[in-house]
Amino acid sequence: AIVHERTPHPMRQSRRKILLVDNELTISGASLMLFSLAEHLISQGYALDIAAVSSKDGALRARYEAIGAVLPEQLNAEDYALCIANTIFSAQLVTAISSQVKTIWWIHEADNGFQVALGDPQLYLNAFLLAHKIVFPVARLRDDIYRSFLYPLTPAKVAIVANGIQLDEQITPIEHSELFRIVSVATIDMRKRQGDILEAVEKLNDPDIEVILVGQKNQLSAAGERVLQLDQARDNKRYHLLGPLEHEAAMRWLTSADILVHPASVETQPLAPLEAATLGIPMVLTSLDVYHGIWRHGENCLMHGVGDIELLAEMIHALKRNRILASRLAAQAQMTAQQFTRASFLRDFDQVINGLLGAA
């Protein structure tokens with residue numbers, strides 16, 4: 001609940017307190033980016049309140065509390081100098097609070113987010129109009145996907161802030177077996193298409209390959225489920241679903257990988273490829289428009305069309321067989337990832353924040 005004060009006294013408004021809003025406090029790429037920003041804001045001397053649209057339960061709750069952020073039962077709009085609302089799902093709060101507090105709406109979702117907006121176009125149009133700043137991680141969201149909602153806005157109202165990461169310098173990998181290890185780090189659902197990995201590896205019928213899936217299992221394709229059922233009958237299982245892990249544990253598995261496979265059908269700027277590239281892990285990705293200018297087939301990764309199981313299988317086989325190719329792609333990917341650091345992300349987001357607070 002948001003409490004509005006009709007005539008707030010100007011001295012009551014904290015100039016150093018920011019409200020961060022997420023959809024939920026579970027671990028995802030978008031939520032980890034917001035948490036990274038929260039750590040930075042705390043270090044800059046801001047006080048933080050955290051709110052969630054759907055649920056405050058989740059692995060990130062304890063991490064927010066550990067850095068000194070507060071999860072209040074009630075939100076008082078006059079307390080805040082700024083609100084940063086994360087994900088497309090915070091539209092209703094954006095419309096409710098923007099008249100009281102300068103608001104940044106940080107949207108990560110691509111086509112799936114646009115479909116959400118089409119479910120209540122008037123609400124989302126109002127949110128776009130009322131938010132003081134819209135932030136996207138890649139330009140395609142501004143230029144193509146959400147263009148029909150953005151046309152009434154001035155170009156200066158929209159900013160592109162690329163995601164950036166910083167991994168621990170020393171990550172101890174999970175012990176590696178003699179098998180060729182494929183790792184996927186993402187929520188397991190129909191958009192991320194981990195079932196494609198299982199199908200592709202099953203087609204190869206190579207007992208020297210194992211697949212590690214890290215992420216909350218929400219939904220797997222019917223074909224993927226059939227592969228898992230077949231695997232249950234084997235003495236030496238090839239496929240391992242580890243569930244959601246703390247980020248540090250997920251990175252230990254990723255560091256141990258021979259390749260990352262990320263066959264998603266919908267993305268913006270996912271963290272897993274940046275993390276794999278930073279760690280020097282070669283990658284197989286889907287050929288998505290949002291990757292244009294970052295991930296390039298044959299230069300810093302291999303790419304296949306969404307749902308092309310046969311080609312995905314061939315690319316996995318190629319990287320297993322040809323380690324020179326794998327090493328070259330990994331080295332080029334590592335150079336690409338150096339453009340997307342946590343420092344550059346924080347610098348660009350600071351400019352957005354300071355631009356609004358400076359105009360307060």
Side-chain angles (χ1 to χ4, degrees), residues 2 13-54 56 58 60-61 63-65 67-72 75-109 113 124 126-138 141-142 146 153 156-164 268-269 271 342 344-360:
I2 301 172
Q13 186 179 38
S14 169
R15 307 314 302 162
R16 302 292 293 177
K17 194 171 188 179
I18 295 176
L19 173 64
L20 301 185
V21 181
D22 210 343
N23 182 39
E24 56 187 12
L25 303 186
T26 55
I27 293 177
S28 67
S31 65
L32 287 174
M33 289 308 302
L34 185 66
F35 181 77
S36 179
L37 181 61
E39 288 184 305
H40 172 67
L41 293 172
I42 289 280
S43 74
Q44 297 298 303
Y46 288 100
L48 298 184
D49 279 0
I50 310 299
V53 173
S54 58
K56 291 182 180 179
L60 286 178
R61 176 172 185 146
R63 293 176 66 174
Y64 275 118
E65 292 173 336
I67 64 172
V70 176
L71 286 80
L75 304 179
N76 297 302
E78 71 274 10
D79 288 344
Y80 306 110
L82 181 69
C83 171
I84 302 173
N86 201 34
T87 79
I88 193 72
F89 303 102
S90 58
Q92 191 165 1
L93 184 136
V94 169
T95 60
I97 204 171
S98 292
S99 63
Q100 296 284 315
V101 184
K102 288 186 180 295
T103 302
I104 297 170
W105 193 13
W106 191 7
I107 301 174
H108 303 260
E109 295 77 18
Y124 284 86
N126 287 341
F128 280 107
L129 290 171
L130 292 171
H132 296 82
K133 198 80 172 184
I134 313 292
V135 173
F136 296 120
V138 294
L141 273 64
R142 175 196 63 195
Y146 292 100
L153 310 183
K157 191 172 180 178
V158 181
I160 305 302
V161 178
N163 290 337
T268 50
Q269 194 185 26
L271 300 188
R342 184 172 185 265
S344 63
F345 156 71
L346 293 175
R347 178 200 65 216
D348 293 346
F349 217 106
D350 274 344
Q351 290 181 353
V352 175
I353 292 172
N354 293 336
L356 284 182
L357 293 184

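Note that the structure is predicted; figures quoted are calculated from it, not measured. Numbers here simply count residues along the sequence, with the first being 1.
Across Ser36 and Arg342, no two heavy atoms sit closer than the pair OG-NE, 2.7 Å. Of all heavy-atom pairs spanning Arg63 and Leu32, the tightest one is NH1-CD2, 4.2 Å. The minimum heavy-atom distance linking Ile160 with Arg142 is given by the pair CG1-NH1, 3.6 Å. Here the closest heavy-atom approach between residue Val101 and residue Ala77 is recorded as CG2-O, 3.2 Å. Minimum heavy-atom separation, Lys102 to Leu356: CD-O, 3.4 Å. Annotation for Pro72 and Tyr80: closest pair CG-OH, 4.3 Å, computed over non-hydrogen atoms.
Put simply, the side chain of Lys157 gets close to the backbone of Leu129: a donor and an acceptor are under 3.5 Å apart. Between the side chain of Ser31 and the main chain of Leu25, no donor-acceptor pair closer than 3.5 Å is present.
Using a 4.5 Å heavy-atom threshold, the side chains of Tyr64 and Leu48 count as separate. Using a 4.5 Å heavy-atom cutoff, the side chains of Ile50 and Phe35 are not in contact. Here the side chains of Tyr146 and Val158 are not in contact, with every heavy-atom distance at 4.5 Å or above. Contact check for Leu75 versus Ile97: no side-chain heavy atoms found under the 4.5 Å cut-off. Inter-residue side-chain proximity for His40 and Tyr46 is flagged as unmet; no heavy-atom pair is nearer than 4.5 Å. Side-chain atoms of Asn86 and Met33, non-hydrogen and from C-beta on, never get closer than 4.5 Å to each other. Side-chain contact check for Thr103 versus Leu130: every heavy-atom pair is 4.5 Å or farther apart. Side-chain contact check for Ser28 versus Thr87: every heavy-atom pair is 4.5 Å or farther apart.
Looking at Asn163 and His108, their side chains never bring a donor and an acceptor atom within 3.5 Å of each other.
To the nearest 0.5 Å, atom CG of residue Leu41 and atom NZ of residue Lys17 are 14.0 Å apart. The structure places SG of Cys83 at 10.5 Å from CG of Asp49, a figure rounded to the nearest 0.5 Å.
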Side chain to side chain contact (heavy atoms under 4.5 Å, CB included) evaluation trace for Glu109 with Phe89: CA-CA 9 Å; Glu109 295 77 18; Phe89 303 102; 4.1 Å; yes

For Val161 and Trp106, run side chain to side chain contact (heavy atoms under 4.5 Å, CB included): C-alpha distance rounded to whole Å, both residues' side-chain angles, the deciding distance at 0.1 Å, then the answer. CA-CA 9 Å; Val161 178; Trp106 191 7; 5.6 Å; no

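When each of Ile18, Leu20, Leu19 is tested with Leu82 by the rule side-chain contact (heavy atoms from CB on, under 4.5 Å), just one qualifies, namely Ile18.
Heavy atoms from other residues, nucleotides or ligands lying under 6.0 Å from CD of Glu24 number more than 12.
Qualifying ring-ring contact (aromatic ring centres under 6.0 Å, His included) partners for Trp105, counting only residues two or more places apart in sequence or in other chains: Phe128.
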